[in-house]
Amino acid sequence: MAEKYNPAEIEAKWQQKWEADGIYHADIDPSRPKHYALTMLPYPSGNLHIGHWYAMTPSDARARFMRMRGHNVMFPMGFDAFGLPAENAAIQRNIHPKEWTYANIENMRKQLRSMGAMFDWRREAVSSDPEYYRWTQWFFLQLYKNGLAYRKMAAVDWCPKDNTTLAREQVVGEKRVCERCGTPVIKKNLEQWFFRITKYADELLNFVGIDWPQQIQTLQTNWIGRSEGANVVFKTEAGDEFTIFTTRPDTLWGATFMVLAPEHPLVSKVTTADKKAEVEAYVAEATRQTDIERESTEKEKTGVFTGGYAINPVNGERVPIWTADYVLMTYGTGAIMAVPAHDERDFSFARKYGLEVRPVIQPEGEALDGTTMAHAATHEGVMVNSGPLTGTPAQQAVADTIAFLQQKQAGKATVGYRIRDWLISRQRYWGAPIPIVYCKGCGAQPVPEDQLPVLLPDDVEWTPTGESPLKLHPTWKHTICPHCGKPAERDTDTMDTFMCSSWYFLRYLSPHYDKAPYDQKEYDYWMPVDTYTGGAEHAVMHLLYVRFFHKALRDLGITEGHEPMMQLRNQGQILGPDGQRMSKSRGNVIDPDEQVRLYGADTVRAYLMFGYRWNEGGAWSDENIQGVVRWMHKVWTLFTEGGQGGGKPDAAAAKALRRKVHQTIQKVSRDLETFEFNTIISAYMELANTMVELRAKVEGSPEWEEAKDVYLRLMAPVTPHVAEELWTRAGKPYSVHLQAWPAADEAAAREDEITLVVQVNGKLRDRISVPAGISEDDAKARALASEAVAKALDGKTPRQVIVVKGKLVNIVL
RNA sequence: GCCGAAGUGGCGGAACUGGCAGACGCGCGCGACUCAAAAUCGCGUUCCCUUGGGAGUGUGGGUUCGAUUCCCACCUUCGGCACCA
């Protein structure tokens, strides 16, 4: 009786040996093509989630595949270790965030090792290490010195639970909740640090040259929200200029009122004495409301007339100025011209308040009447009532109007974006301190680079108060001005942790290098990242920030290339067995450690690849994993049990086996290339089934030996431990992971007999086994000779016979 | 409302360029082994009439000799954005 498959034993053994032998070390080697495979680094929450396995083990399998194909593969791992949860845990359990974080990292390293992934641990980077965040701070200073980091007072999103400001991207959903904790955010006026991501808005819309999922491109494109239009300068009757943004400058002659956002600085100035009380009450009410209340599309529009008038620059008309909260101070210029005839929002507002509706774009074959029309006319037509531009057709209307405005110096073509600058200040403790000092005399001063890192002190009171914990530290903030040497104060906020993760892949290049964020030699060899894998939920956060960061650094002469990651693939999400999101409260959490104890890491890896379309994910199934468990045992038995054959190998069976082996090489190679992991495991199963079936007939043949050899090489990326164990037991040279990927012999994979499908009027009538190379005429003849066909034809003469070479014959009546 | 993705057996999912729908598994049924059970192995398993047909890939239409695949309209689910001027 052969030894039983004991994953616990063999997995631990091989993991230790691989580590000791350093077989996954990735070092510069100009003789081989490099491949930088990267999977998103985890946050050290304490335990590895099955989702981490789902993301990482297929990525590992693919990295291993690339390596066997001859690439020098780097597949590093690290920890995104700064962040709020550490502080929240500290508050709950009264443990220092640092202690909590590093204890978690220790535990998670162990868990990550249990995956059997080919991580090169010498390259590990931990973003909360001073040797790491020194360079996070250094990058901040580079951006600052080049005007890409700036400080301004603004109405910013504030999470009342986490007690910190958030970037716009980190406020999600229609309820406007904090991305981390789900609490609805409020607005606060604060002076905060921003990165000028808007400067790169246009460039970020360009995905040429990178292979990123269409979905991510769409999400980023929508988030950036580019819209082309014009800024038009209006004057108030008192002579104050103000600018409005419109995407429809062609409707300028139809502007029958203006609307200023309640926060617009001109509101109080244009308001006449008799309207003052009403306007002030309205503005106060609008400011009091939350964004959610105010921006609800359900809500009926409200507004008040200020009593003031503006002069339309194109025709000198007096236009009443209103203030209404449907105009947002944060988009465009906070002021619009309202053209109710051609804008649905302006239309409903005009009807509600009895304002004039004046059509200036007349659709063909229709006569719009402002007094009777029921909806705004947003479709195309010809300009009417538009002074010198009357008669201009729709296709030209916008461009012609802009030209006209430019000539009159009343406006110009402008592009508006929804994306805002990235707010990076956080009023929390567990992050990289912002390396800025405030001096009464000299203002904001950057900390000199040779004084980095600005160390995070350990002795702080981290309970959140709404003020930065660093501010409450008795001594930390006190320093001297690097410029004049007088007493000054440090910035007491820390940086958004997305800043740390915007460059971590560079730190992997040389995690302990102390002369620069990375060693240029390593950069020149390894960058850019060839394959990046991770969750799509980061589409407009990390995945946008990282692109911005790289472009900004490129412009500062620090990095090269326009994009950091050439290929991106997103995995889906593993849900609980009940099909719901896993959560402790639902009690549907699948613990990977437990699954590994039950089945072994190889089985868990293979199941996660087999059971789902990788980019979609789905519910964990204790039942479906049984299929993989059985396959694993079948393979084990196949390789460890003595054969029952012994007779002379059957040549036909051997040929059939060889064909299946080479077809499997083709399929597995193709599907690993394209991240279709589920069909890879199917192919392994099929080949194992064929081998079991044919074993007695082929054992002892070279084809059988080839099949076994190829099988272990093919499964090595997916189930690395079992492959190594069986490889070693077969007496082959250590390690299977240092072997070459098998090459498919196309001739051997080719079928010499095919099933010719015979249809009559597109319906399947017969299947005939024919030689693969059969000519069209022969195929036709064989089909027409079929009894089943004769029966279906029922004596009628075919009108047409279609032959698809090597596939089918369709007889049309 | 706008943008995007997806709808295939009881279930997870296959089907590479328009050419055998349901690969590979799970589950289930029957059988073998067993005193028995588990494990394992073999056979079957889209549905409906039954020895042969008919229907069938969300729905309705279209293109084609032929459509899960291409086109149009619609429905459902999920994700994103949402008074963005």
Side-chain angles (χ1 to χ4, degrees), chain A residues 172-174 213-223 225-227 229 244-248 251 259 261 294-301 324-328 330-339 342-346 348-349 416-419 536-537 539-540 572 607 610-613 615-616 618-631 633-634 637 666-667 670-671 674 676 678-689 692 754-767 788 791 798-813:
Chain A
V172 297
E174 58 186 319
Q214 194 55 51
Q215 190 207 171
I216 300 293
Q217 296 187 29
T218 305
L219 288 172
Q220 295 198 347
T221 302
N222 291 345
W223 185 259
R226 179 189 159 99
S227 54
I244 59 110
F245 175 68
T246 176
T247 54
R248 293 294 305 274
T251 62
V259 187
R294 194 174 142 177
E295 292 179 18
S296 161
T297 38
E298 251 82 296
K299 198 188 74 168
E300 204 180 320
K301 294 182 188 7
D325 64 5
Y326 78 91
V327 173
L328 309 174
T330 44
Y331 184 78
T333 58
I336 63 159
M337 64 168 186
V339 186
H342 304 293
D343 182 283
E344 204 51 60
R345 294 155 302 181
D346 299 344
S348 60
F349 193 85
Y417 300 93
R418 178 175 34 234
I419 192 172
E537 66 273 15
V540 297
Y607 170 61
F610 178 60
Y612 314 84
R613 294 170 174 145
N615 60 341
E616 286 178 19
W620 175 269
S621 166
D622 289 320
E623 283 184 340
N624 286 351
I625 197 174
Q626 297 309 324
V628 178
V629 171
R630 281 175 204 151
W631 165 62
H633 278 100
K634 180 179 278 185
T637 310
Q666 288 176 331
K667 177 154 185 64
R670 190 182 67 215
D671 292 354
T674 53
E676 285 164 87
N678 52 351
T679 48
I680 291 168
I681 317 293
S682 301
Y684 293 155
M685 287 173 172
E686 281 190 49
L687 180 54
N689 291 346
V692 168
I754 56 146
T755 305
L756 186 70
V757 174
V758 184
Q759 299 180 334
V760 175
N761 278 341
K763 283 196 176 127
L764 178 73
R765 289 301 160 194
D766 204 359
R767 294 186 174 111
K791 201 176 151 198
R799 212 153 38 87
Q800 196 188 352
V801 178
I802 287 156
V803 181
V804 179
K805 207 166 180 322
K807 282 206 173 125
L808 94 167
V809 177
N810 189 13
I811 300 160
V812 188
L813 288 179

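By convention in this document, chain letters (A, B, ...) are assigned in the order of the sequence lines, proteins followed by strands, and residues within each chain are numbered from 1. Any value given below was found using the heavy atoms of this structure, including those in side chains, with hydrogens, waters and symmetry copies removed.
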Asker: Ignoring hydrogens and geometry, is there a side-chain-to-backbone donor-acceptor pair from A:Asn761 to A:Val812 under 3.5 Å?
Answerer: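 No: the side chain of A:Asn761 does not pair with the backbone of A:Val812.
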Asker: Does either side chain, that of A:Tyr331 or that of A:Ser227, offer a donor lying less than 3.5 Å from an acceptor on the other one?
Answerer: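 Short answer, yes.
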Asker: Using a 4.0 Å heavy-atom cut-off across all strands, classify A:Lys791 as base, sugar-phosphate, or nothing.
Answerer: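 If one applies the 4.0 Å heavy-atom cut-off, A:Lys791 turns out to touch the sugar-phosphate alone, with no base involved.
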Asker: With both distances under 3.5 angstrom, what nucleotide forms a Watson-Crick or G-U wobble pair with B:A39?
Answerer: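 Here B:A39 is not engaged in any pair, so there is no nucleotide opposite it.
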Asker: Would you say the side-chain atoms of A:Tyr612 pair up with the backbone N or O of A:Ala619, donor to acceptor, closer than 3.5 Å?
Answerer: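 Between the backbone of A:Ala619 and the side chain of A:Tyr612 there is a qualifying donor-acceptor contact (under 3.5 Å).
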Asker: Can you tell me how far C1' in B:A37 sits from the matching atom in B:U69, rounded to whole Å?
Answerer: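 One C1' to the other, the span is 49 Å.
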Asker: Could you write nucleotides 17-33 of chain B as a row of B, S and -, 5' to 3', where a protein heavy atom under 4.0 Å of any base atom gives B, of only sugar-phosphate atoms gives S, and otherwise -?
Answerer: --BB--BBBSS------
Asker: So A:Lys807 and A:Ile754, do their side chains get closer than 4.5 Å, heavy atoms only?
Answerer: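 No, their side chains stay 4.5 Å or more apart.
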Asker: Could you give the CD-to-P distance, from A:Glu537 to B:C78, as a whole number of Å?
Answerer: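 Atom-to-atom, A:Glu537 to B:C78, this comes out as 18 Å.
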Asker: Expressed as a whole number of Å, how far does the P atom of B:U46 sit from that of B:G10?
Answerer: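 Rounded to whole Å, the distance is 10 Å.
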Asker: Does some side-chain heavy atom of A:Lys634 sit less than 4.5 Å from a side-chain heavy atom of A:Val692?
Answerer: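 When only atoms from C-beta onward are counted, A:Lys634 and A:Val692 do touch, with a gap below 4.5 Å.
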Asker: Under a 3.5 Å cut-off for both contacts, is B:G1 paired Watson-Crick or G-U wobble with anything, and if yes, with which nucleotide?
Answerer: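 Base-paired to B:C81.
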Asker: Using the C1' atom as the reference point in each nucleotide, state the distance between B:G66 and B:G19 in Å, no decimals.
Answerer: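 That atom pair is separated by 7 Å.
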Asker: By the 4.0 Å heavy-atom rule, please label A:Gly229 as base, sugar-phosphate, or nothing.
Answerer: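 A:Gly229: no heavy atom of the nucleic acid under 4.0 Å.
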Asker: Under 30°, 30 to 60°, or over 60°: which ring-plane class applies to A:Phe349 and A:Tyr326, parallel, tilted or perpendicular?
Answerer: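 If you compare the ring of A:Phe349 with that of A:Tyr326, the planes turn out tilted.
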Asker: For the C1' atoms, the ones on B:G42 and on B:C33, what distance do you get once it is rounded to whole angstrom?
Answerer: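 The same atom, C1', in both gives a distance of 11 Å.
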Asker: What integer number of Å spans the C1' atoms of B:C41 and B:G18?
Answerer: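 Per the computed distance, 41 Å lies between those C1' atoms.
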Asker: Hey, which of these two, A:Ala788 or A:Arg799, hits RNA chain B nearer its 5' end, going by closest nucleotide?
Answerer: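 Going by which nucleotide is closer to the 5' end, it is A:Ala788.
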Asker: Would you mind pulling out the nucleotide paired to B:C11, Watson-Crick or G-U wobble, both distances under 3.5 Å?
Answerer: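 Matched B:C11 with B:G25 under the 3.5 Å cut-off.
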Asker: On the nucleotide B:A14, are OP1 or OP2 found under 4.0 Å from the side-chain N or O atoms that A:Arg613 carries?
Answerer: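 True: A:Arg613 side-chain N/O within range (under 4.0 Å) of B:A14 OP1/OP2.
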Asker: Give a yes or no on whether the backbone of A:Ala539 and the side-chain of A:Gln220 come within a donor-acceptor separation of less than 3.5 Å.
Answerer: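 Yes; at least one donor-acceptor contact below 3.5 Å.
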Asker: A side-chain contact here means heavy atoms from C-beta on lying under 4.5 Å apart; do A:Thr251 and A:Met337 qualify?
Answerer: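 Heavy-atom side-chain distance check passes, below 4.5 Å.
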Asker: Just the rounded figure in Å: distance from C1' of B:A82 to CH2 of A:Trp223.
Answerer: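 Spelled out: CH2 on A:Trp223 to C1' on B:A82 is 11 Å.
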Asker: Name the nucleic acid region contacted by A:Arg226, choosing base, sugar-phosphate or nothing; use a 4.0 angstrom heavy-atom cut-off, strictly under.
Answerer: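 Contact class for A:Arg226: none.
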Asker: Without decimals, in angstroms, what is the distance between A:Leu328 CG and B:C81 C1'?
Answerer: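 My rounded result for the distance is 14 Å.
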Asker: Any strand is fair game: report the nucleotide pairing with B:G60 by Watson-Crick or G-U wobble, both distances under 3.5 Å, or none.
Answerer: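 Check on B:G60: paired to B:C72, both distances under 3.5 Å.
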Asker: Which part of the nucleic acid, if any, lies within contact of A:Thr221, taking any heavy atom under 4.0 Å across all strands shown: a base, the sugar-phosphate backbone alone, or nothing?
Answerer: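 Contact class for A:Thr221: none.
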Asker: Given B:A55, B:G52, B:A85, which nucleotide is nearest the side-chain atoms of A:Thr246?
Answerer: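 My answer, after comparing the listed nucleotides, is B:A85.
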Asker: Which is more 5' along RNA chain B, the nucleotide nearest A:Asn761 or the one nearest A:Val172? Just name the residue.
Answerer: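 Nearest nucleotide further toward 5': that of A:Asn761.
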Asker: May I ask you to decide if A:Val339's main-chain N or O and A:Asp346's side chain share a donor-acceptor pair within less than 3.5 Å?
Answerer: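 Judged by distance alone, yes, a pair lies under 3.5 Å.
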Asker: How long is the line joining CG of A:Leu219 and P of B:G4, in whole Å?
Answerer: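 Between P of B:G4 and CG of A:Leu219: 11 Å.
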Asker: Round to a whole Å and report the spacing from CD of A:Glu616 to P of B:A5.
Answerer: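 To the nearest whole Å, that distance equals 13 Å.
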Asker: For B:C30 versus B:G80, give the span between their P atoms, rounded off to a whole number of Å.
Answerer: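 Looking at atom P only, B:C30 and B:G80 are 47 Å apart.
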Asker: In whole Å, what separates the C1' atom of B:G52 from that of B:C28?
Answerer: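 Those two atoms are separated by 27 Å.
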Asker: So, is A:Tyr612 close to the B:G12 phosphate, meaning a side-chain N or O under 4.0 Å from OP1 or OP2?
Answerer: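 No, because none of the side-chain N or O atoms of A:Tyr612 sits under 4.0 Å from OP1 or OP2 of B:G12.
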Asker: Does the structure show a Watson-Crick or G-U wobble partner for B:U51, both distances under 3.5 Å? Name it, or say none.
Answerer: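 Partner of B:U51: none found under 3.5 Å.
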Asker: Atom CD of A:Gln217 and atom C1' of B:G79: how far apart are they, to the nearest Å?
Answerer: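 In whole Å, B:G79 C1' and A:Gln217 CD are 17 Å from each other.
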Asker: Applying a 3.5 Å limit to both distances, which nucleotide forms a Watson-Crick or G-U wobble pair with B:G19?
Answerer: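 Across any shown strand, B:G19 pairs with B:C65.
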Asker: For A:Gln215 and B:C81, what is the distance between atoms CD and C1' respectively, to the nearest whole Å?
Answerer: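 My rounded result for the distance is 13 Å.
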Asker: For B:G9, does the glycosidic angle fall within 90° of 0 (syn) or outside that (anti)?
Answerer: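 Syn, which is what one calls it when the glycosidic angle falls within 90° of 0.
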Asker: If you measure only the distance, is there a donor-acceptor pair under 3.5 Å linking the side chains of A:Glu676 and A:Thr674?
Answerer: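 A:Glu676 vs A:Thr674: donor-acceptor pair found between side chains.
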Asker: In whole Å, I'd like the distance from the CG atom of A:Leu813 to the P atom of B:G66.
Answerer: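 Taking atom P of B:G66 as the reference, CG of A:Leu813 is at 12 Å.
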Asker: Looking for any heavy atom pair under 4.0 Å, which part of the strands does A:Gly611 touch: base, sugar-phosphate only, or nothing?
Answerer: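 It contacts sugar-phosphate atoms only.
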Asker: Sticking with atom C1', work out how far B:A85 lies from B:G4, rounded to a whole angstrom.
Answerer: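 So the two C1' atoms sit 24 Å from each other.
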Asker: Applying a 4.0 Å non-hydrogen cut-off, can you work out what A:Lys763 is touching in the nucleic acid: base, sugar-phosphate, or nothing?
Answerer: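 It contacts sugar-phosphate atoms only.
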